[in-house]
Amino acid sequence: MIGQPKVYETLERLGITFDYYEHPEAPTIEIAAQFYRGEGTTLCKNLFFRNHKGNRHYLVIMDSRHPMDIHDLEHRLHQGKLSFASEERLMRCLGVRPGSVSLFALVNDERRDVTLFVDRNLLDATKVSFHPNDNRASLVISVDDMLKFIKAVGSPYEILNLYGE
């Protein structure tokens, strides 16, 4: 299977089942949507940011159907000015290339330096989809298993409203 072995090892250890789909390289959410199979699954947008000083890093996951306004996000996260992290930071912090950012990249954050922000609206989904740290495949898991994964990897996280009221 395409993807980082550590992702599959972690899912197996946690007893998390998944549906697996291979597709052409999908480095953006717009391209990934072309291969999206629906089937009651929410396609997730995964964004990696750094703060203004560059000493804090954030992974933000949300429903891909909602636009992301960085100024609104800064206000909601209360983390100051944000910018997208560089390719070098992405590799150092999460062990993935641009276009392959995923919730599952937290398996590579052994120091737990990355704070995860999950949009509360994802909790209303039945299933969610993420790359297995390689944008040539997608894994679909239940929302309950997403939460199980988040708690098990031990990264600091917060669930909050990232858009809407």
- Message: Return the CD1 to NE2 distance between Ile2 and His23, rounded to the nearest 0.5 Å.
- Response: 8.0 Å
- Message: Could you report the tightest heavy-atom contact between Phe48 and Cys93, atom names first, then the distance?
- Response: CZ-CB, 3.7 Å
- Near Lys127 NZ, under 6.0 Å, is it more than 12 heavy atoms from other residues, nucleotides or ligands? no
- Item | Side-chain touch Met62/Phe117, heavy atoms, less than 4.5 angstrom | no
- Item | Closest non-hydrogen atom pair, Asn108 against Gly95 | ND2-O, 3.9 Å
- Test item: Arg120 side-chain N/O and Ile159 main-chain N/O as donor-acceptor pair under 3.5 Å: yes
- Item | Nearest heavy-atom neighbours spanning Ala125 and Val143 | O-CG2, 3.1 Å
- Walk me through it: do Leu47 and Lys45 pass the test side chain to side chain contact (heavy atoms under 4.5 Å, CB included)? CA-CA 7 Å; Leu47 306 165; Lys45 187 181 300 185; 4.0 Å; yes
- Item | Under 3.5 Å donor-acceptor, Asn46 side chain and Ile61 backbone | no
- Query: Relative to each other, are the rings of Phe104 and Phe149 parallel, tilted or perpendicular (30° and 60° limits)?
  - Reply: perpendicular
- Can you check whether Phe18 reaches Val140 side chain to side chain, under 4.5 Å on heavy atoms? no
- Query: Can you find a side-chain donor-acceptor pair between His57 and Arg89 that sits under 3.5 Å?
  - Reply: yes
- Task: Look at the side chain of Asn135 and the backbone N and O of Gly99, then say whether any donor-acceptor pair between them is shorter than 3.5 Å.
- Result: yes
- Query: Are there more than 12 heavy atoms of other residues, nucleotides or ligands under 6.0 Å from atom NE2 of His66?
  - Reply: yes
- Query: How about Arg92: does its CZ atom have over 12 heavy atoms from other parts shown lying under 6.0 Å from it?
  - Reply: yes
- Item | Carboxylate-amine/guanidinium proximity below 4.0 Å for Arg13 and Glu9 | no
- Message: Between Lys6 and Glu110, does any side-chain N to carboxylate O distance fall below 4.0 Å?
- Response: yes
- What distance do Met146 atom CE and Ile141 atom CD1 have between them, rounded to the nearest 0.5 Å? 7.0 Å
- Query: Is Arg112 reaching over with its side chain to a backbone N or O of Val153, donor-acceptor style, under 3.5 angstrom?
  - Reply: yes
- Closest non-hydrogen atoms of Leu122 and Val128, given as atom of the first, atom of the second and distance, are CD2-CG1, 4.4 Å
- Query: Centres of the Phe84 and Phe49 rings: under 6.0 Å?
  - Reply: yes
- Item | Full working for side chain to side chain contact (heavy atoms under 4.5 Å, CB included) between Leu139 and Leu11 | CA-CA 11 Å; Leu139 303 181; Leu11 295 174; 3.8 Å; yes
- Task: Answer yes if Tyr58 and Met91 sit in the same cluster of Ile, Leu, Val, Met, Phe, Trp and Tyr residues linked by side chain heavy atoms under 4.5 Å apart, and no otherwise.
- Result: no
- Looking at OG of Ser100 and CG of Leu94, how far apart are the two atoms once the value is rounded to the nearest 0.5 Å? 11.5 Å
- Message: Counting C-beta onward and ignoring hydrogens, is there a side-chain heavy-atom pair between Pro132 and Met1 closer than 4.5 Å?
- Response: no
- Regarding Ser83 and His52, is there a side-chain donor-to-acceptor distance under 3.5 Å anywhere? no
- Query: So how far is it from Leu43 CG to Ser129 OG, rounded to the nearest 0.5 Å?
  - Reply: 5.5 Å
- Keeping the roles fixed (side chain from His131, backbone from Ser138), state whether a donor-acceptor pair exists under 3.5 Å. no
- Donor-acceptor pair, Asn133 side chain versus Val96 backbone, under 3.5 Å? no
- Task: Find the distance between CG (Asp134) and CZ (Arg97) and round it off to the nearest 0.5 Å.
- Result: 6.5 Å
- Taking the side chain as every heavy atom from C-beta outward, state whether Val118 and Leu116 have any atom pair closer than 4.5 Å. yes
- Item | Student check: side-chain heavy atoms of Ile16 and Lys148 closer than 4.5 Å | yes
- Item | Donor-acceptor contact below 3.5 Å, side chain Glu74 vs main chain Leu82 | yes
- Message: Please report the interatomic distance OG(Ser102) to CG(Leu59), rounded to the nearest 0.5 Å.
- Response: 8.0 Å
